[in-house]
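As a basis for the values below, the full set of heavy atoms in this structure was taken, side chains included, without hydrogen atoms, waters or symmetry mates.
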Amino acid sequence: MKRFHEILLLIGQLNYTWTNTESLLIYLIAGLANVDKETAVIIFLTLNTTRARIELVERLAKMAKTAPERRQEILAVTQQLGKRAKLRNKYSHCVYSFDETGDQASTQLMAIFDSKDTIRYGKIEQIDDAEVARINEAIDQIMKINKAIWSIVERHSFPR
């Protein structure tokens, strides 16, 4: 059962780290759109997907009024966040299975994959040591993104 608890704790940490970091997009929206934090929160919450929130920040950063160096640093951080979203989404949209001892874990994706003439669903993947290392690396990277966003917010005096 030790592995069972380890994996659940790790997935919880991934989701917490992700949610905490994604919410920092509020400050980028506020600074780039030149609005107060409350307005940025409403905009952020109105967009109901991570992809939409990242796209908004990227589009605001690409506006002509955004200084090129500011644009580049924001696009770099949103690009990194987008890369990490894939793993986070995988673990947020799956069912977990453990053997009777709690040592062998797997995920079953809750998505449909359509091809021209067939349909597949429920892809099963093992959560082995390599995957645990990959999740830990993603958590570390998301924490670095978090610090990078705070640095941008502070350096450019975005509303807080």
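A 6.0 Å sphere centred on CD of Glu38 holds no more than 12 heavy atoms belonging to other residues, nucleotides or ligands.
The shortest heavy-atom contact between Val35 and Pro159 is O-CG, 3.4 Å. Considering all non-hydrogen atoms of both residues, Leu60 and Ala33 come closest at CD1-CB, 4.2 Å. In terms of heavy atoms, Arg71 sits closest to Ala61 at NE-O, 3.0 Å.
Take Asp114 and apply the salt bridge (charged side-chain N to carboxylate O under 4.0 Å, His left out) test, not counting sequence neighbours, and it matches no residue. Under the side-chain hydrogen bond (donor to acceptor under 3.5 Å, both in side chains) criterion, Asp36 pairs with Thr39, not counting sequence neighbours. Looking at residues two or more places apart in sequence or on another chain, you find a side-chain hydrogen bond (donor to acceptor under 3.5 Å, both in side chains) between Thr78 and Glu58. Here Tyr96 pairs with Ile11, Tyr91, Cys94, Phe98, Thr107, Ile127 under the side-chain contact (heavy atoms from CB on, under 4.5 Å) rule; sequence neighbours left out. Not a single side-chain hydrogen bond (donor to acceptor under 3.5 Å, both in side chains) links Asn89 to another residue, sequence neighbours left out. For Glu22, the side-chain hydrogen bond (donor to acceptor under 3.5 Å, both in side chains) partners at least two apart in sequence or on another chain are Trp18, Thr50, Arg53. Partners of Glu131 under the salt bridge (charged side-chain N to carboxylate O under 4.0 Å, His left out) rule, at least two apart in sequence or in another chain, are Lys90, Arg134.
You'll find the side chain of Asp117 reaches within 4.5 Å of the side chain of Ser115, heavy atoms only. Arg88 has its side chain out of reach of Arg84: every pair of non-hydrogen atoms, C-beta onward, lies at least 4.5 Å apart. Taking the side chain as every heavy atom from C-beta outward, Glu6 and Leu10 never approach each other to under 4.5 Å. Leu24 places none of its side-chain heavy atoms less than 4.5 Å from the side chain of Val153. Proximity of Leu25 to Leu81: side-chain heavy atoms (C-beta onward) are separated by under 4.5 Å at one or more points.
Within the structure, salt bridge (charged side-chain N to carboxylate O under 4.0 Å, His left out) pairs that include any residue of residues 145-160 comprise Glu73-Arg155, Glu154-Arg160 (at least two apart or interchain). Screening residues 49-88 for ring pair (Phe, Tyr, Trp, His ring centres under 6.0 Å), with sequence neighbours left out, gives no hits. Counting only residues at least two apart or on different chains, the ring pair (Phe, Tyr, Trp, His ring centres under 6.0 Å) pairs with a member in residues 136-160 are Tyr27-Trp150, His156-Phe158.
Atom CD1 in Ile152 sits 5.5 Å away from atom CD1 in Ile74 (nearest 0.5 Å). Interatomic distance, OG of Ser97 versus CD of Gln126, reported as 9.0 Å (0.5 Å rounding). With values rounded to the nearest 0.5 angstrom, Ile43 atom CD1 is found 7.0 Å from Leu56 atom CG. The structure places CD1 of Ile149 at 6.5 Å from CG of Asn146, a figure rounded to the nearest 0.5 Å.
No single ILVMFWY cluster, assembled from side-chain heavy atoms under 4.5 Å apart, contains both Tyr16 and Leu9. Transitive grouping of hydrophobic side chains (ILVMFWY, heavy atoms separated by less than 4.5 Å) brings Leu45 and Val57 into a common cluster. In the hydrophobic clustering of this structure, Ile7 groups with Phe4; members are Ile, Leu, Val, Met, Phe, Trp, Tyr whose side-chain heavy atoms approach within less than 4.5 Å, directly or through other members.
Members clustered with Ile119: Ile112, Tyr121, by chain and number, using a 4.5 Å side-chain heavy-atom cutoff among hydrophobic residues.
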Compile the donor-acceptor pairs under 3.5 Å between side chains in residues 135-144 and protein atoms, sequence neighbours left out, one pair per line.
{"residue": "Asn136", "atom": "ND2", "partner": "Val132", "partner atom": "O", "Å": "3.3"}
{"residue": "Glu137", "atom": "OE2", "partner": "Gln141", "partner atom": "NE2", "Å": "2.9"}

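A side-chain donor-acceptor contact under 3.5 Å links Ser92 and Asn15.
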